[in-house]
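Every chain is numbered from 1 and lettered A, B, ... according to where its sequence line falls, protein lines coming before strand lines.
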Number of protein chains: 2
Amino acid sequence: MDRNPLNNILQEKDEKPTKVEGEILLGPGIIPPVPKNSYELRILQSIRRIIRAVEIHSHKLAQEHDITGPQLSCLLALAKGGPLTITQLARMVYQSPSTIVGIVDRLADKGLALRERSCKDRRLVQVCVTEAGEALIAATPSPLQETLAESLKNLPELEQVSITLALEKVVDMMEARKIEAPPAL
Amino acid sequence: MDRNPLNNILQEKDEKPTKVEGEILLGPGIIPPVPKNSYELRILQSIRRIIRAVEIHSHKLAQEHDITGPQLSCLLALAKGGPLTITQLARMVYQSPSTIVGIVDRLADKGLALRERSCKDRRLVQVCVTEAGEALIAATPSPLQETLAESLKNLPELEQVSITLALEKVVDMMEARKIEAPPAL
DNA sequence: TTTTAATCATTCGTATTCAAATTATTTGAA
DNA sequence: TTCAAATAATTTGAATACGAATGATTAAAA
């Protein structure tokens, strides 16, 4: 009804009117009450749907290429950044070291990566890609959905910039430290 | 000292120059010499960081309020949408039914939700919130980071709109149907 | 030198998440 | 009516993901 004219900024042809403010089509006959003035909820829902899309794509990768999204991301980081320690790799792909241990385990099991204790500092473990790993990289699509990659390329650059900056703005806001919230003295 | 795990990621600039792999480790506000189509990479990274932020927030919720993000999302959907079946709930929160089963299990274990077999159709399970569940909702913050919610409110509406639409555009592109995939007739 | 602190990888426990297979129930067609 | 197909919830199995705790190793302080 009272459509915000701003909604037309980025929208091209929308065949299904599912993005009208105040109602979001969730499934057959399910229309949750969404406060009109709240972009918060729409953003939260979009984030959830993005996460789900990433996970589904990872499962598909696993079926078709015998490697999951996180494993592929790590492999690519290793291929690009040379041998890396567990902690370095964790920072590269924005995950915790304890997560990386499991991923490197599976990568090593498949012969795609290699663990090596550092001689200089025996606490460190250097991980690198094997030839089989390089081969797999060459034969496997990006960890990003192809549909997204392609759709993105077909957008005018102005819109690519807009999306990129918007996402990075969200990241900034989410990662912003809360300096206050002092534990009650 | 500093207990925020995200800080480990953010403050790694002064450790060392992180030689070759400078492209991947973008700090906030740092715009690298941009190669041809690097929007893709930046978007992928932003998505990964958003996912991580959501998960870290969920763990924090678990520690402070004895409920995780997904559990809270389901509880809110139930409180808002009345009794729901597993499948309906799954659609509301954009997750698969098999995931919801586990979440409802834990919600029921804690006495926050209630399962009930439908009389009309005994395949269906109606899930609803208990009084304890309502009480917890009243005492618990949003599943969305407060930092994001607050930062968002302080942005000019034009930018809120821009972010909302950009995210929904990404969702559209990621969920875009593969038109083919003809089910063999 | 000896002790203490810091760092690194790892293990542990819990939760989430998906697809695929399974079970119970309902619906539709022969 | 009977049986096959469809639908709903669940179970299963594998992978991810986090923080906290552990053990090994190095660095710093005493």
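With sequence neighbours excluded, the residues satisfying side chain to side chain contact (heavy atoms under 4.5 Å, CB included) with Ile51(A) are Ile47(A), Arg48(A), Glu55(A), Ile51(B), Val54(B). For Glu64(B), there are no side-chain hydrogen bond (donor to acceptor under 3.5 Å, both in side chains) partners, not counting sequence neighbours. Taking Thr99(A) as the reference, Ser96(A) meet the side-chain hydrogen bond (donor to acceptor under 3.5 Å, both in side chains) condition, with sequence neighbours excluded. Considering only residues two or more places apart in sequence or on other chains, Ala62(A) meets the side chain to side chain contact (heavy atoms under 4.5 Å, CB included) condition with Thr68(A).
Computed from C1' positions of five pairs at each end, the angle between the two local axes of the helix from dT1(C)-dA30(D) to dA30(C)-dT1(D) equals 0°, rounded to 10 degrees.
At least one side-chain heavy atom of Glu159(A) sits less than 4.5 Å from a side-chain heavy atom of Lys169(B). Side-chain atoms of Cys74(B) and Leu89(B), non-hydrogen and from C-beta on, do get closer than 4.5 Å to each other. In this structure, Met173(A) and Ile163(B) have side chains that are in contact, with non-hydrogen atoms separated by less than 4.5 Å. Counting heavy atoms from C-beta on, the side chains of Ile100(A) and Val93(A) come closer than 4.5 Å. Residues Leu152(B) and Leu155(B) form a side-chain contact, since some pair of their non-hydrogen atoms from C-beta on lies under 4.5 Å apart.
Listed by first then second residue, pairs satisfying salt bridge (Lys or Arg N to Asp or Glu O under 4.0 Å) with a partner in residues 92-115 of chain A read Asp105(A)-Arg115(A), not counting sequence neighbours. Applying the salt bridge (Lys or Arg N to Asp or Glu O under 4.0 Å) test to pairs two or more places apart or on separate chains, those with a residue in residues 119-129 of chain B are Asp121(B)-Arg123(B).
One distance of note links CG of Leu107(A) with CG of Leu114(A); it measures 11.0 Å at 0.5 Å rounding. Taken from CG in Leu148(B) to CD1 in Ile43(A), the straight-line distance is 6.5 Å, to the nearest 0.5 Å. The line from CD of Gln71(B) to CG of Asp66(B) is 8.0 Å long, rounded to the nearest 0.5 Å.
Atom pair Glu64(B):CD and dA20(D):P shows a separation of 11 Å (rounding to whole Å applied). Put simply, CD1 on Ile86(A) is 14 Å from C1' on dT7(C), counting in whole angstrom units. Protein atom CD1 of Ile51(A) is 11 Å distant from nucleotide atom P of dA17(D), rounded to whole Å. If you take CZ of Arg91(B) and P of dT7(D), they are 11 Å apart, rounded to a whole angstrom. If you measure from atom NE2 of His57(A) to atom C1' of dA15(D), you get 16 Å, rounded to the nearest angstrom. In this entry the distance linking CD of Gln88(A) with P of dA9(C) reads 8 Å, nearest Å. The interatomic distance linking Leu89(A) (CG) with dT16(D) (P) rounds to 12 Å, in whole Å.
Here Ser58(A) lies out of heavy-atom contact (under 4.0 Å) with every strand.
Residues from residues 70-77 of chain B with heavy atoms under 4.0 angstrom of DNA chain C, sorted by number: Pro70(B), Gln71(B). Near DNA chain D, meaning a heavy atom under 4.0 Å from it, residues 102-116 of chain B has Arg115(B) in order of number. Listed by residue number, the members of residues 120-129 of chain A with any heavy atom below 4.0 angstrom from DNA chain D are Lys120(A), Asp121(A), Arg122(A), Arg123(A).
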Short N/O separations, protein against nucleotides 18-21 of chain C, under 3.5 angstrom:
unit_1	atom_1	unit_2	atom_2	d
dC18(C)	OP1	Arg48(A)	NH2	3.4
dC18(C)	OP1	Arg52(A)	NH1	2.5
dC18(C)	OP2	Ser96(B)	N	2.8
dC18(C)	OP2	Ser96(B)	OG	3.4
dC18(C)	OP2	Thr99(B)	OG1	2.7
dC18(C)	O4'	His59(A)	NE2	3.2
dA19(C)	O3'	Gln63(A)	NE2	3.0
dA19(C)	N6	Ser98(B)	OG	3.3
dA20(C)	OP1	Gln63(A)	NE2	3.1

Which pairs would a plain distance check flag for residues 128-141 of chain B, meaning a side-chain donor or acceptor within less than 3.5 Å of a matching protein atom at least two apart in sequence or in another chain?
unit_1	atom_1	unit_2	atom_2	d
Thr130(B)	OG1	Gly111(B)	O	2.6
Thr130(B)	OG1	Leu112(B)	O	3.1
Thr130(B)	OG1	Ala132(B)	N	3.4
Thr130(B)	OG1	Gly133(B)	N	3.1
Thr140(B)	OG1	Leu136(B)	O	2.7

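Nearest approach of Tyr94(B) to Arg52(A), heavy atoms of both residues: O-CD, 3.0 Å.
Comparing Thr85(A) and Thr68(B) by the nucleotide of DNA chain C whose heavy atom lies nearest to each, the residue mapping closer to the 5' end is Thr85(A).
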